[in-house]
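Step one of this worksheet: look at the structure below.
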Amino acid sequence: MGIKFNNPYFFDPKIGKNNFFLFISFFFHDTIGIDLGMILVEKLLLGSHVSFNKQEQLLGATLEALSYGANTFMFYTGAPQNTKRSSIDLELTSLAHKLMEEQGIDQKKVVVHAPYIINLANNNDKYDFSIRFLKEEIERVERLGIELLVLHPGSHVGLGSEIGIDNIVRALNTVVDSKTNVKICLETMAGKGSECGKTFEEIASILNHMKYPEKIGVCLDTCHVHDAGYSMDDFDSILTEFDEIIGLSKLWVLHINDSKNSKGSHKDRHENVGYGHIGFENLMFAIYHPKLKEVPKILETPYVGIDDIEKAKAYPPYKFEIEMIKNKKMNHNLIEDIRKYYKKD
């Protein structure tokens, strides 16, 4: 089969300037004898959402993450809104694992996000489908050699939070067993509509009833907790409350997003780092918090439009946001820098 030499992550300057060197590192590592991962990535566990397509799969996702200067990443194994999934290519998966090892990416810190169409909180006629599809997704994640799977708890859709949480507990205890090698990370939600998991108490009420508690943890989303009413101005207090109710040992993934809305809005609209109501300093405090050093931080910030008028989101911000975070200095020209970089040529 082999790898296609027209892979855009190797050669397209609009995607990443270091791609040719990644190509050289990947195919000629033994000859060169140099680990470029020591140059391209840092110890801070920081990455973003990346694409996963049929042609390149996990290898393409890894290359994209490296082109952004990341050392972890998150992806969907297919479109999050539907059930269409391509078969996992084991050769591409093996090549991706080799590239991760060479470039200093800890495979155990890479994350998959479960599709949105899974709703475990409402036991309607699609409840059995959600359970079955989650099982299938776990199997795909296991074949990819990934351990962390982020999952939205679900929406009760009029049943009430208590019944919704009972449904989630029953579903997870059906899906997860002693042989499950994937760790499910329940995401903290903004409280939009009838979402379950908008408070730490609701998350705890799920975790406390798991047959295999060691296999279920939490993904804390900064935009979601802000929109749910927690104050990101005092992140230490958020962590203290989380520790008292759930336990910090259960915090396995951190989603880094600013928010377009004010605290307690229950809107769940992500904004680029430093451009929202949470603010750059508050997000930096969370990212560099010493208690979360071993927790992968994943950016899910929105793509940038071609200009201020064009609504279509054309350009990924992650290369520049990651650079800004590493520099620990707000880039007030972030949006324009992204546009200039991707518009060239």
Side-chain angles (χ1 to χ4, degrees), residues 6-20 22 40 46-53 55-56 60-70 72-76 78-82 113 116 190 192 221-224 226-227 232 254-263 265-284 286-287 297-345:
N6 62 353
N7 185 314
Y9 296 108
F10 289 140
F11 300 113
D12 189 349
K14 294 184 179 181
I15 297 176
K17 293 182 178 179
N18 293 320
N19 302 326
F20 180 71
L22 293 176
L40 296 176
L46 180 63
S48 70
H49 170 258
V50 297
S51 59
F52 179 96
N53 59 50
Q55 290 72 32
E56 302 294 346
T62 306
L63 288 164
E64 183 178 351
L66 289 169
S67 77
Y68 296 150
T72 185
F73 56 92
M74 183 182 77
F75 61 96
Y76 296 90
Q81 302 89 355
N82 63 49
H113 200 305
Y116 302 142
K192 181 176 63 176
D221 187 301
T222 58
C223 172
H224 293 180
H226 165 86
D227 283 20
M232 284 294 295
L254 188 65
H255 280 175
I256 302 297
N257 301 295
D258 215 322
S259 175
K260 291 182 181 293
N261 296 99
S262 58
K263 184 184 73 172
S265 63
H266 304 294
K267 295 290 187 181
D268 185 13
R269 295 187 65 210
H270 297 185
E271 181 58 283
N272 294 103
V273 172
Y275 283 77
H277 286 260
I278 296 175
F280 181 75
E281 294 300 328
N282 286 338
L283 289 172
M284 290 293 290
I287 292 168
K297 290 89 180 172
I298 304 293
L299 292 159
E300 295 180 305
T301 48
Y303 273 38
V304 173
I306 295 172
D307 52 44
D308 290 336
I309 299 174
E310 177 59 54
K311 293 183 178 181
K313 301 299 183 181
Y315 307 132
Y318 307 124
K319 170 182 169 63
F320 289 85
E321 288 184 325
I322 287 172
E323 181 179 1
M324 178 174 67
I325 290 168
K326 289 179 179 180
N327 290 336
K328 300 182 181 180
K329 184 178 180 180
M330 176 66 188
N331 178 6
H332 296 284
N333 296 316
L334 178 74
I335 304 303
E336 283 308 310
D337 286 349
I338 293 168
R339 288 170 177 162
K340 288 178 183 178
Y341 181 81
Y342 287 103
K343 280 182 179 178
K344 67 186 180 182
D345 299 335

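Excluded from the calculations below are hydrogen atoms, water molecules and symmetry mates; all remaining heavy atoms, backbone and side chain alike, are included. Everything quoted here is computed from the prediction, not taken from an experiment.
Using a 4.5 Å heavy-atom cutoff, the side chains of K263 and H277 are not in contact. Between L46 and T72, the closest side-chain pair of non-hydrogen atoms is not below 4.5 Å. A heavy-atom distance below 4.5 Å is not found between the side chains of K319 and S67. Contact check for Y303 versus P317: side-chain heavy atoms found under the 4.5 Å cut-off.
Between H113 and H255, the ring planes are parallel. Angles under 30° get that label, and only those over 60° would be called perpendicular. Ring planes of Y116 and Y76: perpendicular class, angle over 60° (limits at 30 and 60°).
Proximity of a side-chain donor or acceptor of H226 to a complementary backbone N or O of N261 within less than 3.5 Å is detected. Here the side chain of Y275 pairs a donor or acceptor atom with the backbone of H332 at under 3.5 angstrom. A donor-acceptor contact shorter than 3.5 Å is absent between the side chain of D258 and the backbone of V273. No donor-acceptor distance shorter than 3.5 angstrom exists from the side chain of K267 to the backbone of S259, with no hydrogens or angles considered. Between the side chain of N331 and the main chain of N333, a donor-acceptor pair closer than 3.5 Å is present.
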Quiz item: Would H224 and D268 satisfy side chain to side chain donor-acceptor pair (under 3.5 Å), going step by step from the backbone distance to the final call?
Solution: CA-CA 6 Å; H224 293 180; D268 185 13; 2.8 Å; yes
Practice problem: Evaluate the criterion side chain to side chain donor-acceptor pair (under 3.5 Å) for residue pair E300 and H49; output intermediate values, then yes/no. | Solution: CA-CA 6 Å; E300 295 180 305; H49 170 258; over 6 Å; no
Exercise. Begin with the C-alpha distance, continue with both residues' side-chain angles, and end with the deciding distance and a verdict on side chain to side chain contact (heavy atoms under 4.5 Å, CB included) for E64 and Y318.
Key: CA-CA 10 Å; E64 183 178 351; Y318 307 124; 5.6 Å; no
Exercise. Decide yes or no on side chain to side chain donor-acceptor pair (under 3.5 Å) for N272 and H270, but give the supporting numbers first.
Key: CA-CA 7 Å; N272 294 103; H270 297 185; over 6 Å; no
Quiz prompt | Pair K343-Y315, side chain to side chain contact (heavy atoms under 4.5 Å, CB included): steps then yes or no | solution = CA-CA 9 Å; K343 280 182 179 178; Y315 307 132; 3.3 Å; yes
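Looking only at atom types and distance, the side chain of T222 has no donor-acceptor partner in the side chain of N257 under 3.5 Å away. Inspection of the T301 and E271 side chains reveals no N or O donor paired with an N or O acceptor under 3.5 Å.
Across every non-hydrogen atom of Y68 and S48, the tightest pair is CD1-OG, 3.6 Å.
Electrostatic pairing of R339 and E336 counts as a salt bridge here, judged by a charged N lying under 4.0 Å from a carboxylate O.
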